[in-house]
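Reminder, nothing fancy here: chain letters follow the sequence lines and each chain counts from 1. Only a predicted model underlies this, so the values are computations on that prediction, with no experimental measurement involved.
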2 protein chains.
Amino acid sequence: MKPLSHPRAEDINIYAVLHALAEPARMKIVQTLAAADGRPCGTFGINLSKSTLSAHFKVLREAGVIRQETGPGNARLNTLRRAELNARFPGLLDSVLQAVEESDPALASG
Amino acid sequence: MKPLSHPRAEDINIYAVLHALAEPARMKIVQTLAAADGRPCGTFGINLSKSTLSAHFKVLREAGVIRQETGPGNARLNTLRRAELNARFPGLLDSVLQAVEESDPALASG
DNA sequence: CCAGGTGTTCGCCAACCAGCGAACACTTGC
DNA sequence: GCAAGTGTTCGCTGGTTGGCGAACACCTGG
């Protein structure tokens with residue numbers, strides 16, 4: 001499987017990141033990764049079609065929020081670009097993740 | 001002038017806030033208010049039509065990011081809902097504002 | 001009362017976005 | 001080689017968004 005392209009850490013744009021996070025499905029992806037990195041795309045328990053899911057992963061990847069590497073078999077290994085995000089936007093990811101649990105507990109528990 | 005309605009602090013939604021902030025003109029408004037509260041809408045140095053500006057203020061207001069009160073004369077006094085945002089989403093606003101200066105310095109200096 | 005200044009609202013338009021299914025690509029395993 | 005499994009891409013659709021100008025509402029000052 002072709003490796004996908006990712007923005008460099010220093011090219012990560014705040015508007016792209018905020019836009020990527022301003023959507024419940026994508027937020028759930030991020031939140032799930034924050035709890036357990038390295039999952040393939042299909043393991044997020046989101047009730048959307050494959051194509052829609054793939055599009056959401058693409059938005060997150062192109063915003064620089066997640067990294068998608070070719071994993072074993074045909075899976076994509078998704079990881080949060082935690083350190084890079086923290087270096088560029090200190091505290092942002094953590095405060096957003098904390099905010100989600102405050103504002104959208106259903107998502108947090110589901 | 002009619003007073004405008006604002007969401008209660010506890011009803012502020014993280015997705016609405018992130019969406020509101022994921023736009024350079026609106027971000028500039030927030031950033032300007034962070035530096036100096038209480039300005040009328042026309043004093044933000046944004047090169048957009050009045051109607052577009054008004055729409056952006058509406059998005060920010062309905063998201064709970066800013067408060068718009070009827071000021072002296074016909075002006076709206078815009079203020080950041082800093083304390084309320086901080087209470088609900090601790091650290092979020094500050095990290096976003098800091099992130100903007102990192103990611104969009106042109107906006108910061110303009 | 002009328003003019004000037006500030007914002008809001010209303011159409012309108014082009015662009016974007018989230019959703020889907022179908023088809024394709026790629027790897028593993030039989 | 002072929003089926004199964006996982007993601008991606010493409011085309012399409014409906015809804016939302018951001019932009020504008022024009023018209024209106026409202027207050028202040030002549």
- Which is true for L48(B) with a 4.0 Å heavy-atom rule: it touches a base, it touches only sugar-phosphate, or it touches nothing? sugar-phosphate
- Item | Closest nucleotide among dG7(D), dC20(D), dG7(C) to the P40(A) side chain | dG7(D)
- Closest nucleotide of DNA chain C for S49(A) versus for H19(A): which of these residues is on the 5' side? H19(A)
- Task: Flag the pair E84(A) and R8(A) as a salt bridge only when some basic side-chain nitrogen lies within less than 4.0 angstrom of an acidic carboxylate oxygen.
- Result: no
- Query: Of all the choices, dG7(C), dT9(D), dA18(C), which nucleotide is nearest to the side chain of R76(B) once you look at every atom?
  - Reply: dG7(C)
- Report yes if at least one side-chain N or O of T52(B) is closer than 4.0 Å to OP1 or OP2 of dC20(D); otherwise report no. yes
- Integer-rounded Å distance: dT6(C) P and L77(B) CG: 14 Å
- Task: Ignoring backbone atoms, test whether H56(B) places a side-chain nitrogen or oxygen under 4.0 Å from the OP1 or OP2 oxygen of dG19(D).
- Result: yes
- Message: So, taking the atom named CE in M27(A) and the one named CG in L97(A), what distance separates them when rounded to the nearest 0.5 Å?
- Response: 7.0 Å
- Task: Decide whether S49(A) and T52(A) meet the rule of one side-chain donor and one side-chain acceptor closer than 3.5 Å.
- Result: yes
- Query: Side chains of R76(A) and Q68(A): do they bring a donor and an acceptor to under 3.5 Å?
  - Reply: no
- Query: Which nucleotide in the list dT8(D), dC26(C), dT9(C) gets nearest to the side chain of Q68(A)?
  - Reply: dT8(D)
- Query: Between atom CZ in R26(A) and atom P in dG19(C), what is the gap in whole Å?
  - Reply: 8 Å
- Item | d(CD, E69(B); P, dT8(C)) in whole Å | 13 Å
- Looking at dG21(C), does its base get a donor-acceptor pair with the side chain of S51(A) below 3.5 Å? yes
- Message: So if I take every side-chain heavy atom of N74(B) and compare against dG19(C), dC20(C), dG5(C), which nucleotide ends up nearest?
- Response: dG5(C)
- Using whole Å, report how far OH of Y15(B) lies from C1' of dT17(D). 20 Å
- Could you tell me the separation between the CG atom of L53(A) and the C1' atom of dG19(C), rounded to a whole number of Å? 11 Å
- What integer distance in Å separates N47(A):CG from dA18(C):C1'? 15 Å
- Per atom distances to the K50(B) side chain, the nearest of dG5(C), dA18(C), dT8(C) is dT8(C)
- Rounded to the nearest Å, what distance is computed from the CD atom of residue E62(A) to the C1' atom of nucleotide dT9(D)? 13 Å
- Applying the side-chain contact (heavy atoms from CB on, under 4.5 Å) test to F44(B), which of R39(B), K28(B), Q31(B) qualifies? R39(B)
- Round to the nearest Å and state the distance from R39(A) atom CZ to dG7(D) atom P. 12 Å
